[in-house]
A.B. asks: 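First the structure, which I've put down as C-alpha coordinates, then a few questions once you've had a look.
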Amino acid sequence: MNLVRVPLAPVLRARATVAHLDADAFFASVEQHQRPSLRGRPVLVGGVGPRSVVATASYEARRFGARSAMPMELARRLCPSSTVVVVPRFAAYAAYSARIMAALREVTDLVEPVSIDEAYADLGAAAGQDMDLEELALGIRERARELSGLSVSIGLGRSKLVAKLASEDAKPGGVRVVDPDDEDDFLLALPVRALAGVGPVSAARLDELGVSTVADLRRQPLDTLLMVAGEAGGTNLYRIARGWDDRPVTTVRERKSAGAEHTFDTDLHGRAAISRELDRVVDSALARLERHAVAARTVVVKVRLSSFTTLTRSVTLPRPTSDEGALRAAAHRALELAEVTEPVRLLGTSFHALSEHAQLMLPLDDEAEHPGAGTAAPSPGPVPAGQDLAATGPAAPDPGGPDPALPGAAGPVRVVAADVAPGLDVETAAHGRGWVVRVGDDGRVAVRFETARTGPGYQRWVDPETEDLVLVAPLGPDGEPVLPSEADET
Ligand code: TTP
Ligand code: MG
(Lines give C-alpha, C1' and ligand atoms only; values in the text may rest on other atoms or scores of the structure.)
(Ligands and ions follow the chains in the order given, each with its own letter.)
Protein backbone atom coordinates (compact mmCIF):
# COMPACT_ATOMS: atom_id res chain seq x y z
CA MET A 1 0.00 0.00 0.00
CA ASN A 2 1.10 3.44 -0.89
CA LEU A 3 1.39 5.69 2.14
CA VAL A 4 1.04 9.41 1.52
CA ARG A 5 2.42 11.64 4.19
CA VAL A 6 0.26 14.44 5.48
CA PRO A 7 1.99 17.65 4.36
CA LEU A 8 3.55 19.83 7.06
CA ALA A 9 2.99 23.55 7.29
CA PRO A 10 5.90 25.45 5.74
CA VAL A 11 7.42 28.52 7.34
CA LEU A 12 5.76 31.48 5.67
CA ARG A 13 6.63 35.16 5.55
CA ALA A 14 5.44 37.43 8.31
CA ARG A 15 4.33 40.14 5.85
CA ALA A 16 2.60 40.27 2.48
CA THR A 17 5.80 40.99 0.54
CA VAL A 18 5.19 38.82 -2.52
CA ALA A 19 3.67 40.87 -5.33
CA HIS A 20 1.83 39.60 -8.39
CA LEU A 21 1.31 42.11 -11.18
CA ASP A 22 -0.94 41.43 -14.17
CA ALA A 23 -1.89 43.87 -16.92
CA ASP A 24 -5.59 44.38 -17.58
CA ALA A 25 -6.91 42.99 -20.89
CA PHE A 26 -3.32 43.25 -22.06
CA PHE A 27 -3.38 42.87 -25.87
CA ALA A 28 -6.62 44.84 -26.16
CA SER A 29 -5.31 47.60 -23.88
CA VAL A 30 -2.23 48.03 -26.05
CA GLU A 31 -4.51 48.38 -29.08
CA GLN A 32 -6.62 50.96 -27.28
CA HIS A 33 -3.55 52.85 -26.11
CA GLN A 34 -2.12 53.17 -29.61
CA ARG A 35 -5.38 53.66 -31.44
CA PRO A 36 -7.39 56.34 -29.71
CA SER A 37 -10.55 55.57 -31.69
CA LEU A 38 -10.68 52.17 -29.94
CA ARG A 39 -10.77 53.57 -26.42
CA GLY A 40 -14.05 52.83 -24.69
CA ARG A 41 -15.08 50.45 -27.47
CA PRO A 42 -15.38 46.66 -27.53
CA VAL A 43 -12.17 45.27 -29.04
CA LEU A 44 -11.43 41.64 -29.83
CA VAL A 45 -7.84 40.62 -30.48
CA GLY A 46 -7.34 37.31 -32.22
CA GLY A 47 -7.39 35.49 -35.50
CA VAL A 48 -9.65 36.59 -38.30
CA GLY A 49 -9.93 33.24 -40.07
CA PRO A 50 -13.09 31.14 -39.82
CA ARG A 51 -11.79 28.87 -37.08
CA SER A 52 -9.69 31.23 -35.05
CA VAL A 53 -10.08 32.14 -31.42
CA VAL A 54 -10.05 35.24 -29.26
CA ALA A 55 -6.70 35.97 -27.60
CA THR A 56 -8.28 38.60 -25.42
CA ALA A 57 -11.28 40.89 -25.27
CA SER A 58 -11.29 44.46 -23.98
CA TYR A 59 -13.34 44.98 -20.84
CA GLU A 60 -16.03 46.64 -22.97
CA ALA A 61 -16.29 43.42 -25.02
CA ARG A 62 -16.29 41.26 -21.89
CA ARG A 63 -19.52 42.96 -20.86
CA PHE A 64 -21.14 41.14 -23.77
CA GLY A 65 -19.63 37.81 -22.76
CA ALA A 66 -16.54 37.73 -25.00
CA ARG A 67 -13.62 35.84 -23.42
CA SER A 68 -10.10 34.61 -24.16
CA ALA A 69 -9.98 31.30 -26.07
CA MET A 70 -13.58 31.66 -27.28
CA PRO A 71 -14.17 31.06 -31.01
CA MET A 72 -13.93 34.45 -32.71
CA GLU A 73 -17.18 33.80 -34.57
CA LEU A 74 -19.04 33.41 -31.30
CA ALA A 75 -17.45 36.49 -29.74
CA ARG A 76 -18.41 38.56 -32.79
CA ARG A 77 -21.98 37.36 -32.51
CA LEU A 78 -22.15 38.27 -28.82
CA CYS A 79 -20.72 41.76 -29.31
CA PRO A 80 -22.39 44.76 -30.99
CA SER A 81 -21.56 45.76 -34.54
CA SER A 82 -19.34 48.61 -33.32
CA THR A 83 -16.87 45.98 -32.10
CA VAL A 84 -13.42 46.10 -33.65
CA VAL A 85 -11.51 42.91 -34.41
CA VAL A 86 -7.73 43.07 -34.86
CA VAL A 87 -4.94 40.53 -35.22
CA PRO A 88 -2.30 40.40 -32.47
CA ARG A 89 0.94 42.36 -32.90
CA PHE A 90 3.39 40.57 -30.65
CA ALA A 91 6.29 42.93 -31.28
CA ALA A 92 4.28 45.83 -29.88
CA TYR A 93 3.08 43.78 -26.90
CA ALA A 94 6.64 42.75 -26.07
CA ALA A 95 7.71 46.39 -25.98
CA TYR A 96 4.86 47.28 -23.60
CA SER A 97 5.63 44.22 -21.51
CA ALA A 98 9.23 45.35 -21.09
CA ARG A 99 8.03 48.70 -19.72
CA ILE A 100 5.66 47.06 -17.24
CA MET A 101 8.44 44.77 -16.01
CA ALA A 102 10.70 47.82 -15.73
CA ALA A 103 8.27 49.39 -13.25
CA LEU A 104 8.82 46.38 -11.00
CA ARG A 105 12.57 46.29 -11.58
CA GLU A 106 12.87 49.87 -10.39
CA VAL A 107 11.82 48.58 -6.99
CA THR A 108 13.58 45.22 -6.82
CA ASP A 109 15.84 42.94 -8.83
CA LEU A 110 13.78 39.98 -7.68
CA VAL A 111 11.31 39.99 -10.54
CA GLU A 112 10.03 36.77 -12.05
CA PRO A 113 8.07 37.28 -15.27
CA VAL A 114 5.64 34.43 -15.76
CA SER A 115 3.98 35.50 -18.97
CA ILE A 116 4.03 38.47 -21.29
CA ASP A 117 1.85 40.57 -18.97
CA GLU A 118 2.41 39.00 -15.59
CA ALA A 119 5.20 38.81 -13.03
CA TYR A 120 5.93 38.06 -9.41
CA ALA A 121 8.23 40.31 -7.43
CA ASP A 122 9.70 39.91 -3.98
CA LEU A 123 9.24 43.22 -2.19
CA GLY A 124 10.86 41.96 1.03
CA ALA A 125 13.99 44.07 0.71
CA ALA A 126 12.27 47.04 -0.93
CA ALA A 127 9.68 47.32 1.82
CA GLY A 128 11.56 48.44 4.89
CA GLN A 129 10.21 47.41 8.26
CA ASP A 130 7.76 50.28 8.48
CA MET A 131 6.98 50.85 4.85
CA ASP A 132 3.33 50.64 4.01
CA LEU A 133 3.00 47.79 1.52
CA GLU A 134 -0.14 49.14 -0.07
CA GLU A 135 1.56 52.47 -0.76
CA LEU A 136 4.49 50.65 -2.32
CA ALA A 137 2.14 48.69 -4.58
CA LEU A 138 0.19 51.81 -5.53
CA GLY A 139 3.50 53.42 -6.49
CA ILE A 140 4.37 50.49 -8.75
CA ARG A 141 0.95 50.63 -10.37
CA GLU A 142 1.39 54.35 -11.11
CA ARG A 143 4.88 53.80 -12.45
CA ALA A 144 3.68 50.99 -14.73
CA ARG A 145 1.05 53.36 -16.09
CA GLU A 146 3.61 56.13 -16.63
CA LEU A 147 6.05 53.85 -18.42
CA SER A 148 3.59 51.85 -20.49
CA GLY A 149 0.37 53.84 -20.58
CA LEU A 150 -1.49 50.73 -19.45
CA SER A 151 -3.57 49.74 -16.47
CA VAL A 152 -2.23 46.92 -14.31
CA SER A 153 -3.54 45.16 -11.22
CA ILE A 154 -1.36 44.20 -8.29
CA GLY A 155 -1.93 41.70 -5.52
CA LEU A 156 0.24 41.29 -2.44
CA GLY A 157 0.34 38.32 -0.14
CA ARG A 158 2.82 36.34 1.88
CA SER A 159 2.97 33.70 -0.87
CA LYS A 160 2.76 33.52 -4.65
CA LEU A 161 -0.53 31.68 -4.26
CA VAL A 162 -2.19 34.48 -2.31
CA ALA A 163 -0.54 37.28 -4.31
CA LYS A 164 -1.94 35.88 -7.55
CA LEU A 165 -5.42 35.43 -6.15
CA ALA A 166 -5.21 38.97 -4.73
CA SER A 167 -4.29 40.51 -8.10
CA GLU A 168 -7.22 38.67 -9.67
CA ASP A 169 -9.43 40.14 -6.97
CA ALA A 170 -8.02 43.62 -7.64
CA LYS A 171 -8.89 43.56 -11.35
CA PRO A 172 -9.24 45.81 -13.18
CA GLY A 173 -6.74 48.41 -12.15
CA GLY A 174 -6.72 47.82 -8.43
CA VAL A 175 -4.26 47.00 -5.68
CA ARG A 176 -5.17 44.37 -3.11
CA VAL A 177 -3.00 43.57 -0.10
CA VAL A 178 -3.91 40.42 1.78
CA ASP A 179 -2.13 40.61 5.12
CA PRO A 180 -1.37 37.30 6.84
CA ASP A 181 -4.02 38.04 9.47
CA ASP A 182 -6.68 38.46 6.80
CA GLU A 183 -5.54 35.56 4.70
CA ASP A 184 -8.06 33.04 5.96
CA ASP A 185 -10.98 35.39 5.49
CA PHE A 186 -9.81 36.03 1.94
CA LEU A 187 -9.01 32.44 0.98
CA LEU A 188 -11.91 30.60 2.61
CA ALA A 189 -14.56 32.63 0.80
CA LEU A 190 -13.12 31.93 -2.66
CA PRO A 191 -14.72 29.36 -4.95
CA VAL A 192 -12.42 26.35 -5.50
CA ARG A 193 -12.56 27.05 -9.24
CA ALA A 194 -10.56 30.22 -8.63
CA LEU A 195 -7.56 28.14 -7.57
CA ALA A 196 -4.91 27.44 -10.14
CA GLY A 197 -4.54 23.67 -10.32
CA VAL A 198 -8.23 22.92 -9.96
CA GLY A 199 -9.26 22.01 -13.45
CA PRO A 200 -12.85 21.46 -14.56
CA VAL A 201 -12.65 17.71 -13.83
CA SER A 202 -11.50 18.10 -10.23
CA ALA A 203 -13.95 20.95 -9.78
CA ALA A 204 -16.83 18.75 -10.92
CA ARG A 205 -15.79 15.92 -8.60
CA LEU A 206 -15.41 18.31 -5.69
CA ASP A 207 -18.79 19.73 -6.52
CA GLU A 208 -20.31 16.24 -6.20
CA LEU A 209 -18.87 16.10 -2.69
CA GLY A 210 -20.48 19.43 -1.90
CA VAL A 211 -17.16 21.26 -2.00
CA SER A 212 -17.57 24.62 -3.66
CA THR A 213 -15.53 27.06 -1.57
CA VAL A 214 -12.01 26.92 -0.20
CA ALA A 215 -13.59 26.65 3.27
CA ASP A 216 -15.34 23.43 2.15
CA LEU A 217 -12.06 22.25 0.70
CA ARG A 218 -10.17 22.80 3.93
CA ARG A 219 -12.63 20.57 5.79
CA GLN A 220 -11.85 17.58 3.57
CA PRO A 221 -9.51 14.95 4.94
CA LEU A 222 -6.40 14.27 2.89
CA ASP A 223 -7.75 10.85 1.86
CA THR A 224 -10.73 12.41 0.14
CA LEU A 225 -8.56 14.85 -1.76
CA LEU A 226 -6.25 12.03 -2.86
CA MET A 227 -9.26 10.16 -4.17
CA VAL A 228 -10.48 13.18 -6.11
CA ALA A 229 -7.21 14.44 -7.55
CA GLY A 230 -4.61 11.69 -7.23
CA GLU A 231 -1.50 11.72 -5.13
CA ALA A 232 0.25 14.87 -6.31
CA GLY A 233 -2.96 16.76 -7.03
CA GLY A 234 -4.57 15.78 -3.73
CA THR A 235 -1.62 16.81 -1.58
CA ASN A 236 -1.45 20.02 -3.53
CA LEU A 237 -5.11 20.78 -2.86
CA TYR A 238 -4.55 20.07 0.82
CA ARG A 239 -1.77 22.66 0.88
CA ILE A 240 -3.53 25.27 -1.24
CA ALA A 241 -6.63 25.07 0.97
CA ARG A 242 -4.41 26.19 3.86
CA GLY A 243 -2.42 28.82 1.98
CA TRP A 244 0.70 26.71 2.35
CA ASP A 245 2.95 27.91 -0.42
CA ASP A 246 6.60 28.72 0.17
CA ARG A 247 7.77 28.89 -3.45
CA PRO A 248 10.39 31.61 -3.76
CA VAL A 249 10.37 34.33 -6.39
CA THR A 250 13.13 33.29 -8.78
CA THR A 251 14.88 35.29 -11.44
CA VAL A 252 16.38 32.58 -13.62
CA ARG A 253 15.36 33.40 -17.13
CA GLU A 254 15.95 31.92 -20.49
CA ARG A 255 18.22 33.90 -22.72
CA LYS A 256 16.39 35.36 -25.69
CA SER A 257 19.16 37.11 -27.56
CA ALA A 258 22.88 37.74 -27.55
CA GLY A 259 24.58 40.73 -29.07
CA ALA A 260 27.04 43.57 -28.92
CA GLU A 261 27.17 47.15 -30.09
CA HIS A 262 29.76 49.86 -30.30
CA THR A 263 29.60 53.65 -30.51
CA PHE A 264 32.56 55.07 -32.39
CA ASP A 265 34.63 58.00 -31.17
CA THR A 266 34.49 59.47 -34.63
CA ASP A 267 31.84 58.64 -37.20
CA LEU A 268 32.69 56.01 -39.77
CA HIS A 269 32.81 57.08 -43.40
CA GLY A 270 32.56 54.77 -46.39
CA ARG A 271 31.49 51.22 -47.02
CA ALA A 272 34.87 49.64 -46.36
CA ALA A 273 35.26 51.17 -42.92
CA ILE A 274 31.70 50.39 -41.91
CA SER A 275 32.02 46.82 -43.10
CA ARG A 276 35.33 46.33 -41.26
CA GLU A 277 33.89 47.66 -38.01
CA LEU A 278 30.82 45.51 -38.42
CA ASP A 279 33.13 42.50 -38.43
CA ARG A 280 34.54 43.53 -35.07
CA VAL A 281 31.08 43.99 -33.56
CA VAL A 282 30.08 40.61 -35.00
CA ASP A 283 33.16 39.09 -33.32
CA SER A 284 32.01 40.36 -29.92
CA ALA A 285 28.45 39.23 -30.52
CA LEU A 286 29.65 35.78 -31.62
CA ALA A 287 31.76 35.50 -28.48
CA ARG A 288 28.66 36.13 -26.38
CA LEU A 289 26.62 33.69 -28.38
CA GLU A 290 29.30 31.06 -27.93
CA ARG A 291 29.42 31.61 -24.20
CA HIS A 292 25.81 30.48 -24.10
CA ALA A 293 26.47 27.65 -26.51
CA VAL A 294 23.44 28.29 -28.62
CA ALA A 295 22.52 28.64 -32.25
CA ALA A 296 20.71 31.59 -33.76
CA ARG A 297 18.36 31.93 -36.65
CA THR A 298 17.85 35.67 -36.94
CA VAL A 299 20.61 38.23 -37.19
CA VAL A 300 19.77 41.85 -36.51
CA VAL A 301 22.05 44.73 -37.40
CA LYS A 302 21.52 48.14 -35.87
CA VAL A 303 23.03 51.24 -37.42
CA ARG A 304 22.87 54.70 -35.92
CA LEU A 305 23.67 57.42 -38.41
CA SER A 306 25.40 60.69 -37.68
CA SER A 307 21.95 62.29 -37.88
CA PHE A 308 20.96 60.01 -34.96
CA THR A 309 18.49 58.11 -37.09
CA THR A 310 18.59 54.47 -36.05
CA LEU A 311 18.03 51.73 -38.59
CA THR A 312 17.68 48.05 -37.89
CA ARG A 313 17.60 45.33 -40.46
CA SER A 314 17.30 41.64 -39.93
CA VAL A 315 18.02 38.52 -41.89
CA THR A 316 16.41 35.24 -40.90
CA LEU A 317 18.14 32.05 -41.95
CA PRO A 318 16.25 28.94 -42.99
CA ARG A 319 17.29 27.23 -39.75
CA PRO A 320 19.26 27.96 -36.59
CA THR A 321 23.00 27.78 -36.91
CA SER A 322 26.11 28.38 -34.86
CA ASP A 323 28.22 28.53 -38.00
CA GLU A 324 30.21 31.74 -37.63
CA GLY A 325 30.63 32.28 -41.34
CA ALA A 326 26.92 32.00 -41.99
CA LEU A 327 26.03 34.34 -39.14
CA ARG A 328 28.64 36.87 -40.23
CA ALA A 329 27.45 36.76 -43.82
CA ALA A 330 23.89 37.31 -42.62
CA ALA A 331 25.00 40.35 -40.62
CA HIS A 332 26.63 41.83 -43.71
CA ARG A 333 23.52 41.20 -45.73
CA ALA A 334 21.46 42.93 -43.07
CA LEU A 335 23.84 45.88 -43.26
CA GLU A 336 23.41 46.04 -47.01
CA LEU A 337 19.64 46.12 -46.55
CA ALA A 338 20.08 49.25 -44.44
CA GLU A 339 21.42 51.07 -47.51
CA VAL A 340 23.60 53.34 -45.44
CA THR A 341 24.58 56.54 -47.20
CA GLU A 342 25.54 58.70 -44.20
CA PRO A 343 28.39 58.49 -41.71
CA VAL A 344 27.79 55.96 -38.93
CA ARG A 345 27.97 56.61 -35.17
CA LEU A 346 27.06 53.20 -33.86
CA LEU A 347 26.93 49.62 -35.08
CA GLY A 348 25.30 46.71 -33.31
CA THR A 349 24.67 43.09 -34.06
CA SER A 350 22.42 40.74 -32.17
CA PHE A 351 21.38 37.15 -32.59
CA HIS A 352 17.80 36.14 -32.02
CA ALA A 353 15.52 33.14 -32.28
CA LEU A 354 18.12 31.27 -30.26
CA SER A 355 17.96 27.55 -29.80
CA GLU A 356 20.01 25.03 -27.90
CA HIS A 357 20.79 22.88 -30.86
CA ALA A 358 22.21 24.05 -34.10
CA GLN A 359 20.86 22.09 -36.99
CA LEU A 360 23.09 21.19 -39.82
CA MET A 361 23.53 24.31 -41.87
CA LEU A 362 22.72 23.53 -45.46
CA PRO A 363 24.23 25.63 -48.20
CA LEU A 364 22.61 29.02 -48.16
CA ASP A 365 19.83 29.31 -50.60
CA ASP A 366 18.92 32.90 -51.16
CA GLU A 367 15.42 31.98 -52.18
CA ALA A 368 14.78 30.27 -48.88
CA GLU A 369 15.96 33.18 -46.83
CA HIS A 370 13.62 35.56 -45.15
CA PRO A 371 15.09 39.01 -45.34
CA GLY A 372 13.40 41.09 -42.69
CA ALA A 373 13.48 44.20 -44.77
CA GLY A 374 11.74 45.68 -47.69
CA THR A 375 12.45 43.92 -50.86
CA ALA A 376 9.96 44.25 -53.61
CA ALA A 377 8.98 40.60 -53.81
CA PRO A 378 7.08 39.47 -50.76
CA SER A 379 7.21 35.79 -51.58
CA PRO A 380 8.56 33.39 -50.51
CA GLY A 381 8.95 35.63 -47.50
CA PRO A 382 7.29 35.43 -44.13
CA VAL A 383 3.90 33.91 -43.59
CA PRO A 384 1.41 36.60 -44.52
CA ALA A 385 0.34 38.37 -41.39
CA GLY A 386 -2.86 37.22 -39.83
CA GLN A 387 -3.06 33.89 -41.55
CA ASP A 388 -1.64 31.53 -38.98
CA LEU A 389 -3.49 32.93 -36.07
CA ALA A 390 -5.12 29.75 -34.92
CA ALA A 391 -1.85 29.48 -33.03
CA THR A 392 -3.00 32.35 -30.84
CA GLY A 393 -5.07 29.94 -28.82
CA PRO A 394 -5.12 29.46 -25.09
CA ALA A 395 -1.46 28.62 -25.09
CA ALA A 396 0.74 31.27 -23.54
CA PRO A 397 1.86 33.75 -26.14
CA ASP A 398 5.49 33.65 -27.13
CA PRO A 399 6.92 37.12 -26.90
CA GLY A 400 10.35 35.92 -27.97
CA GLY A 401 11.94 36.37 -31.30
CA PRO A 402 11.27 38.88 -34.01
CA ASP A 403 7.75 38.51 -35.22
CA PRO A 404 7.88 36.79 -38.57
CA ALA A 405 4.44 37.99 -39.53
CA LEU A 406 5.32 41.64 -39.25
CA PRO A 407 7.84 43.77 -41.03
CA GLY A 408 9.60 44.35 -37.72
CA ALA A 409 11.72 47.44 -37.70
CA ALA A 410 13.08 46.38 -40.98
CA GLY A 411 11.49 49.12 -42.93
CA PRO A 412 8.60 49.41 -45.29
CA VAL A 413 7.14 46.44 -47.07
CA ARG A 414 4.91 47.30 -49.97
CA VAL A 415 1.38 46.17 -49.32
CA VAL A 416 0.00 43.31 -51.30
CA ALA A 417 -3.66 42.76 -50.50
CA ALA A 418 -3.09 39.19 -49.27
CA ASP A 419 -0.60 40.41 -46.64
CA VAL A 420 -2.96 42.81 -45.00
CA ALA A 421 -5.04 41.93 -41.98
CA PRO A 422 -7.10 44.18 -39.74
CA GLY A 423 -4.94 45.74 -37.08
CA LEU A 424 -1.64 45.84 -38.94
CA ASP A 425 0.36 49.05 -39.13
CA VAL A 426 0.58 50.81 -42.48
CA GLU A 427 1.70 54.10 -43.85
CA THR A 428 1.00 56.20 -46.91
CA ALA A 429 3.07 59.08 -48.14
CA ALA A 430 0.06 61.37 -48.17
CA HIS A 431 -1.55 60.51 -44.84
CA GLY A 432 1.19 59.09 -42.62
CA ARG A 433 0.83 56.24 -40.19
CA GLY A 434 -2.38 54.33 -39.64
CA TRP A 435 -3.79 50.87 -39.13
CA VAL A 436 -5.84 48.55 -41.26
CA VAL A 437 -9.48 48.54 -40.25
CA ARG A 438 -10.79 46.35 -43.03
CA VAL A 439 -9.83 44.88 -46.37
CA GLY A 440 -12.50 45.29 -49.02
CA ASP A 441 -13.49 42.63 -51.53
CA ASP A 442 -12.05 44.83 -54.27
CA GLY A 443 -8.60 44.78 -52.60
CA ARG A 444 -8.90 48.29 -51.28
CA VAL A 445 -7.90 48.80 -47.67
CA ALA A 446 -9.73 50.88 -45.08
CA VAL A 447 -7.09 52.64 -42.99
CA ARG A 448 -7.56 54.76 -39.89
CA PHE A 449 -4.83 57.33 -39.55
CA GLU A 450 -4.01 57.78 -35.89
CA THR A 451 -1.42 57.07 -33.21
CA ALA A 452 -1.37 57.43 -29.42
CA ARG A 453 -0.17 60.98 -29.97
CA THR A 454 -2.73 62.12 -32.52
CA GLY A 455 -6.07 61.55 -30.87
CA PRO A 456 -8.83 59.71 -32.77
CA GLY A 457 -8.10 59.78 -36.48
CA TYR A 458 -10.07 59.67 -39.72
CA GLN A 459 -10.67 56.63 -41.86
CA ARG A 460 -10.01 56.45 -45.57
CA TRP A 461 -10.10 53.79 -48.27
CA VAL A 462 -6.71 53.31 -49.84
CA ASP A 463 -6.10 51.46 -53.08
CA PRO A 464 -2.72 49.73 -52.85
CA GLU A 465 -2.71 49.39 -56.65
CA THR A 466 -2.59 53.11 -57.21
CA GLU A 467 -1.40 54.55 -53.89
CA ASP A 468 1.79 54.00 -51.97
CA LEU A 469 0.68 51.85 -49.05
CA VAL A 470 3.39 50.12 -47.03
CA LEU A 471 3.38 47.85 -43.99
CA VAL A 472 5.45 49.36 -41.19
CA ALA A 473 6.76 48.24 -37.80
CA PRO A 474 4.42 48.69 -34.84
CA LEU A 475 5.10 51.41 -32.31
CA GLY A 476 6.10 50.86 -28.72
CA PRO A 477 4.73 52.68 -25.66
CA ASP A 478 6.88 55.76 -26.32
CA GLY A 479 5.63 56.09 -29.88
CA GLU A 480 8.87 54.90 -31.45
CA PRO A 481 8.91 51.96 -33.89
CA VAL A 482 9.65 48.71 -32.11
CA LEU A 483 13.07 47.32 -32.92
CA PRO A 484 13.27 43.54 -32.96
CA SER A 485 16.23 43.66 -30.57
CA GLU A 486 14.20 45.62 -28.03
CA ALA A 487 11.15 43.45 -28.36
CA ASP A 488 13.34 40.50 -27.67
CA GLU A 489 14.70 41.67 -24.36
CA THR A 490 11.53 41.12 -22.36
P1 TTP B 1 -4.26 37.34 -19.32
O2 TTP B 1 -3.50 38.16 -18.32
O3 TTP B 1 -4.76 36.02 -18.90
O4 TTP B 1 -5.53 38.15 -19.83
P5 TTP B 1 -5.71 39.70 -20.09
O6 TTP B 1 -4.51 40.49 -19.68
O7 TTP B 1 -6.15 39.88 -21.49
O8 TTP B 1 -6.94 40.07 -19.16
P9 TTP B 1 -6.97 40.21 -17.58
O10 TTP B 1 -7.34 41.63 -17.30
O11 TTP B 1 -8.04 39.27 -17.14
O12 TTP B 1 -5.62 39.85 -17.06
O13 TTP B 1 -3.40 37.11 -20.62
C14 TTP B 1 -2.50 38.09 -21.11
C15 TTP B 1 -2.53 38.11 -22.62
O16 TTP B 1 -2.21 36.82 -23.12
C17 TTP B 1 -3.88 38.44 -23.20
O18 TTP B 1 -4.11 39.85 -23.31
C19 TTP B 1 -3.84 37.75 -24.52
C20 TTP B 1 -2.95 36.56 -24.31
N21 TTP B 1 -3.78 35.35 -24.19
C22 TTP B 1 -3.99 34.56 -25.30
O23 TTP B 1 -3.46 34.84 -26.37
N24 TTP B 1 -4.82 33.48 -25.19
C25 TTP B 1 -5.44 33.15 -24.02
O26 TTP B 1 -6.20 32.17 -23.96
C27 TTP B 1 -5.20 33.96 -22.85
C28 TTP B 1 -5.85 33.64 -21.53
C29 TTP B 1 -4.37 35.05 -22.99
MG1 MG C 1 -3.58 40.17 -17.87
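Ligands are counted one by one from 1 in listed order, and the atoms in each one are counted from 1 as well. The first residue in the sequence is number 1, and the count goes up from there.
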A.B. asks: Checking one value in my table: which N/O/S atom of Asp117 lies closest to the Mg ion (ligand 2)?
C.D. replies: OD2

A.B. asks: CG of Asp22 to CG of Asp117: how many Å apart, nearest 0.5 Å?
C.D. replies: 4.5 Å

A.B. asks: Check ligand 1 against Ala55 and write out every atom of the ligand that is under 4.0 Å from a heavy-atom position of the residue.
C.D. replies: 19 (C), 21 (N), 22 (C), 23 (O), 24 (N), 25 (C), 27 (C), 29 (C)

A.B. asks: Return yes when Pro172 approaches ligand 1 closer than 4.0 angstrom through a heavy atom, no otherwise.
C.D. replies: no

A.B. asks: So is Lys171 touching ligand 1 or not, going by heavy atoms under 4.0 Å?
C.D. replies: yes

A.B. asks: Work out whether the distance between some heavy atom of Arg62 and some atom of ligand 1 is less than 4.0 Å.
C.D. replies: yes

A.B. asks: Tell me whether Lys171 has at least one N, O or S atom under 2.8 Å from the Mg ion (ligand 2).
C.D. replies: no

A.B. asks: Can you check whether Met72 reaches Leu44 side chain to side chain, under 4.5 Å on heavy atoms?
C.D. replies: yes

A.B. asks: May I ask you to list the atoms of ligand 1 that are less than 4.0 angstrom from any heavy atom of Phe26?
C.D. replies: 5 (P), 6 (O), 7 (O), 18 (O)

A.B. asks: Which atom name does Asp22 have for its N/O/S atom nearest to the Mg ion (ligand 2)?
C.D. replies: OD1

A.B. asks: Is any NZ, NE, NH1 or NH2 atom of the basic residue among Arg176 and Glu168 found under 4.0 Å from an Asp or Glu carboxylate oxygen of the other?
C.D. replies: no

A.B. asks: For the residue pair Trp244 and Tyr238, categorise the inter-ring angle as parallel (less than 30°), tilted (30 to 60°) or perpendicular (more than 60°).
C.D. replies: perpendicular

A.B. asks: Using a strict threshold of under 4.0 Å (side-chain N to carboxylate O), is an ion pair present between Asp179 and Arg15?
C.D. replies: no

A.B. asks: Output the list of atoms in ligand 1 that are nearer than 4.0 Å to some heavy atom of Asp24, sorted by atom number.
C.D. replies: 10 (O)

A.B. asks: Can you confirm if the aromatic rings of Tyr96 and Phe26 lie within a centre distance of less than 6.0 Å?
C.D. replies: no

A.B. asks: If you measure from the Lys or Arg side-chain nitrogens to the Asp or Glu carboxylate oxygens, is any gap between Asp245 and Lys160 under 4.0 Å?
C.D. replies: no

A.B. asks: I'd like the name of whichever of Val30, Ile116, Asp117 reaches closest to atom 14 (C) of ligand 1 through any heavy atom.
C.D. replies: Asp117

A.B. asks: Give, for atom CG of Leu225 and atom CG of Asn236, the distance between the pair rounded to the nearest 0.5 Å.
C.D. replies: 10.5 Å

A.B. asks: Counting only heavy atoms, which portion of Ala23 has something under 4.0 Å from ligand 1: side chain, backbone, both, or neither?
C.D. replies: backbone

A.B. asks: Using distance alone, determine whether Ser68 and ligand 1 share an N or O pair under 3.5 Å.
C.D. replies: no

A.B. asks: Would the number of heavy atoms belonging to other residues, nucleotides or ligands and lying under 6.0 Å from CG of Asp182 be above 12?
C.D. replies: yes

A.B. asks: Any idea which atoms of ligand 1 are less than 4.0 Å away from a heavy-atom of Ala25?
C.D. replies: 5 (P), 6 (O), 7 (O), 8 (O), 9 (P), 10 (O)

A.B. asks: Pick whichever of Val54, Thr56, Val53 has a heavy atom sitting closest to atom 17 (C) of ligand 1.
C.D. replies: Thr56

A.B. asks: Does ligand 1 have an atom that lies less than 4.0 angstrom from a heavy atom of Tyr59?
C.D. replies: yes

A.B. asks: Using a strict cut-off of less than 4.0 Å between a Lys/Arg side-chain nitrogen and an Asp/Glu carboxylate oxygen, indicate whether Glu118 and Lys164 qualify as a salt bridge.
C.D. replies: yes

